[in-house]
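To keep things clear, I will list the structure first and then write my remarks on it.
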There are 2 protein chains.
Amino acid sequence: MARKRHEDALATRARLLDAAERVFRRRGVGHTSLAEVADAAGVTRGAIYWHFKDKADLFQALVRRVEMPINAALEEMSRASAADPLGAVRRLAVHALQGLAADRRTQAVFDVVFLRCEYTEELAPVRARQLGDRKDCLRRCEAAFERAIAKGELPAGTDARVAAQGLYALVTGLMRSWVETPGRFDLGAVAPKLVDVYIAGLKSDPPRRTPAPRKSAAGRVRRPQAA
Amino acid sequence: MARKRHEDALATRARLLDAAERVFRRRGVGHTSLAEVADAAGVTRGAIYWHFKDKADLFQALVRRVEMPINAALEEMSRASAADPLGAVRRLAVHALQGLAADRRTQAVFDVVFLRCEYTEELAPVRARQLGDRKDCLRRCEAAFERAIAKGELPAGTDARVAAQGLYALVTGLMRSWVETPGRFDLGAVAPKLVDVYIAGLKSDPPRRTPAPRKSAAGRVRRPQAA
DNA sequence: GTTTACATACATTCGTGTATGTTTGTAAAA
DNA sequence: TTTTACAAACATACACGAATGTATGTAAAC
């Protein structure tokens, strides 16, 4: 085929990404050949190899399309955490969950990321980016919780790091749960309730910092069943 | 090679499962050929096709090896939930997490299940089983929370279903987080703290049942920032 | 002698990467 | 302004390896 104009080429690229989303979701990243993606986009493999280096590169571009809004929300949370730390964290968590519940593209990408791909060597760059994003998110949330402690919104002695890990686990766990069975529950409605449950728990029974990292065997628990 | 005795054959089968655990974890389920598994086990593909129907069958057997203890803990939880519902739920969640933190085989299988395989058509039976297990777990936890409400351990009007979904998300989210970066935090120590945070949150700010499923647009939040 | 528990060999399919072909926008040269 | 040359944006073709399933071989246990 012939040469297109710039905008036509960008349209082709976008159609390739859309097609990859659909096919990856249905057949899995590793199980789909680039020929299938090309077919679904109405082009040939040549188009893919023109726009992308290989399948991993295509996948990476696919993920980055939905990363930006989340990162923007993270930034905003860090700003707002100065005045209202707990509120900022709450808004971030709820916003992330409701964003997933509302946006079809986000749903497709999270479906692929959670269930339809395996993180081996060839996806190492994607994986590294995911872990970096997670680390960043945890650091920001931890910082916000620290501010909440300083402001007296959370009890002194609260382990902000553990608190952040718990919130992250709750949110991502909900995301995965919902992606596994979409439509089985109303994520948009459940999200604020459960985030509030967790934050209320942080206030009334927060994770305490371990008083001193003794040399004794770690891993076992000692807390006498605080029920 | 020659024929072995029954116990020898069972040992070969076990070594195949062990080898598959290692290779799947390193290279991903879809990206590993059965020849690699056979090599790692010191046999040929013939042995695999003797003991298992195909790769999916091998993977399924691999997962089932670690499912039993968890299901047993679930049963025990249901029994204990009559007398001490919240305590039983708490013990189940903490036990599951610490079981992951302690057992190498469980770690390997969860690693593969979370990160190194893609759930496509060929893994449909495995997937169906996972979803069934999840459903069972959610139902039992919901029932336990209902008992807790009946006993006054949780406020009346608490939505037990949502409460169970949140706990499940927290626990599985922690599992995945820890599997993603093992050694980055002490799961055995963090687990009871965060489970307690969540349960304390259920007590002080529980998810309320939606009073009446009005016809109004669902999904948006209305709660006036309960900070 | 028969079946078990594998090993070996084979045919076939599939996917990838690359090399090459082809057409047309587009900008500079004339 | 027309022509020329180049490069963008793909399509097509090919070579290669790799994985699967099956078919067959085989030696020891029972």
Side-chain angles (χ1 to χ4, degrees), chain A residues 1-20 22-24 26-62 116-118 120-126, chain B residues 1-20 22-24 26-62 116-118 120-126:
Chain A
M1 197 168 287
R3 176 174 178 188
K4 313 275 189 64
R5 292 170 306 175
H6 229 60
E7 47 181 273
D8 293 332
L10 291 180
T12 299
R13 191 186 131 99
R15 288 175 57 209
L16 279 172
L17 289 172
D18 292 342
R22 293 195 304 271
V23 183
F24 283 172
R26 186 159 32 103
R27 315 240 326 178
V29 177
H31 290 77
T32 54
S33 68
L34 293 183
E36 293 179 80
V37 175
D39 281 0
V43 294
T44 67
R45 279 171 46 242
I48 297 183
Y49 278 102
W50 173 256
H51 286 283
F52 307 98
K53 183 170 166 283
D54 51 16
K55 201 203 286 181
D57 190 36
L58 170 63
F59 180 65
Q60 194 159 9
L62 192 147
R116 322 292 184 191
C117 76
E118 48 195 53
T120 79
E121 205 163 336
E122 69 171 347
L123 290 187
V126 186
Chain B
M1 194 168 288
R3 176 175 177 189
K4 314 275 188 64
R5 292 169 307 172
H6 224 62
E7 47 181 275
D8 293 332
L10 291 180
T12 299
R13 190 187 132 99
R15 288 175 56 209
L16 279 172
L17 289 172
D18 293 341
R22 293 195 304 272
V23 182
F24 283 171
R26 186 160 32 105
R27 315 241 324 177
V29 176
H31 290 76
T32 54
S33 67
L34 293 183
E36 293 179 81
V37 175
D39 281 359
V43 293
T44 67
R45 279 172 46 242
I48 297 183
Y49 278 102
W50 173 256
H51 285 284
F52 307 98
K53 181 170 168 284
D54 52 16
K55 201 203 285 182
D57 189 37
L58 170 63
F59 179 66
Q60 195 160 8
L62 192 147
R116 322 293 182 189
C117 75
E118 48 195 52
T120 79
E121 207 163 336
E122 68 171 346
L123 289 187
V126 185

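Chain naming here is simple, since letters A, B, ... match the order of the sequence lines and numbering starts at 1 in each. If you're wondering where the values come from, they're calculated on a predicted model, not measured in any experiment.
The distance from the CG atom of D57(B) to the NE2 atom of H51(B) is 12.0 Å, given to the nearest 0.5 Å. Residue L16(A) holds its CG atom at 10.0 Å from CG of L34(A), rounded to the nearest 0.5 Å.
Taking the side chain of V43(A) as heavy atoms from C-beta on, and the options dA11(D), dT16(C), dC6(C), the nearest nucleotide is dA11(D). Residue T44(B) has its side chain nearest to dT8(C) when only dA9(D), dT4(C), dT8(C) are considered.
The interatomic distance linking D8(A) (CG) with dG25(C) (C1') rounds to 10 Å, in whole Å. Atom NE2 of H51(A) and atom P of dG17(C) are 17 Å apart (whole Å). In this structure, CG of L34(A) is placed 8 Å from C1' of dT16(C), rounded to the nearest angstrom. The nearest whole Å value for the distance from the CG atom in D54(B) to the C1' atom in dT20(D) is 10 Å. Here dT20(D) presents its P atom at 14 Å from CG of D57(B), a figure rounded to the nearest Å. One interatomic measurement links the two molecules: CZ of R45(A) to P of dA13(D), which rounds to 12 Å at whole-angstrom precision. As a whole-Å value, the separation of D39(A) CG from dG15(C) P is 11 Å. At whole-Å resolution of the value, CD1 in I48(A) and P in dG15(C) are 13 Å apart.
For the pair R45(A) (side chain) and A35(A) (backbone), a donor-acceptor distance under 3.5 Å is absent. Put simply, the side chain of E36(A) never gets that close to the backbone of V23(A): no donor and acceptor are under 3.5 Å apart.
When each of H31(A) and L10(B) is assigned the nucleotide of DNA chain C with its nearest heavy atom, L10(B) is the one assigned upstream, toward the 5' end. DNA chain C is contacted by both R27(A) and G46(A); R27(A) maps to the nucleotide lying nearer its 5′ end (nearest heavy atom per residue).
Between W50(B) and dC6(C) there is no side-chain N or O to OP1 or OP2 distance below 4.0 Å. The phosphate of dC30(D) (OP1 or OP2) has no side-chain N or O of H6(B) nearer than 4.0 angstrom. Between T12(A) and dA9(D) there is no side-chain polar atom (N or O) within less than 4.0 angstrom of OP1 or OP2. Contact between the side-chain N/O atoms of Y49(A) and the OP1/OP2 oxygens of dT18(C) is not found at any separation under 4.0 Å.
Residue S33(B) is classed as a sugar-phosphate contact, given heavy-atom separations below 4.0 Å to backbone atoms only.
Two residues are said to be in side-chain contact when any heavy atoms from C-beta on lie closer than 4.5 Å; V43(B) and W50(B) fail this criterion.
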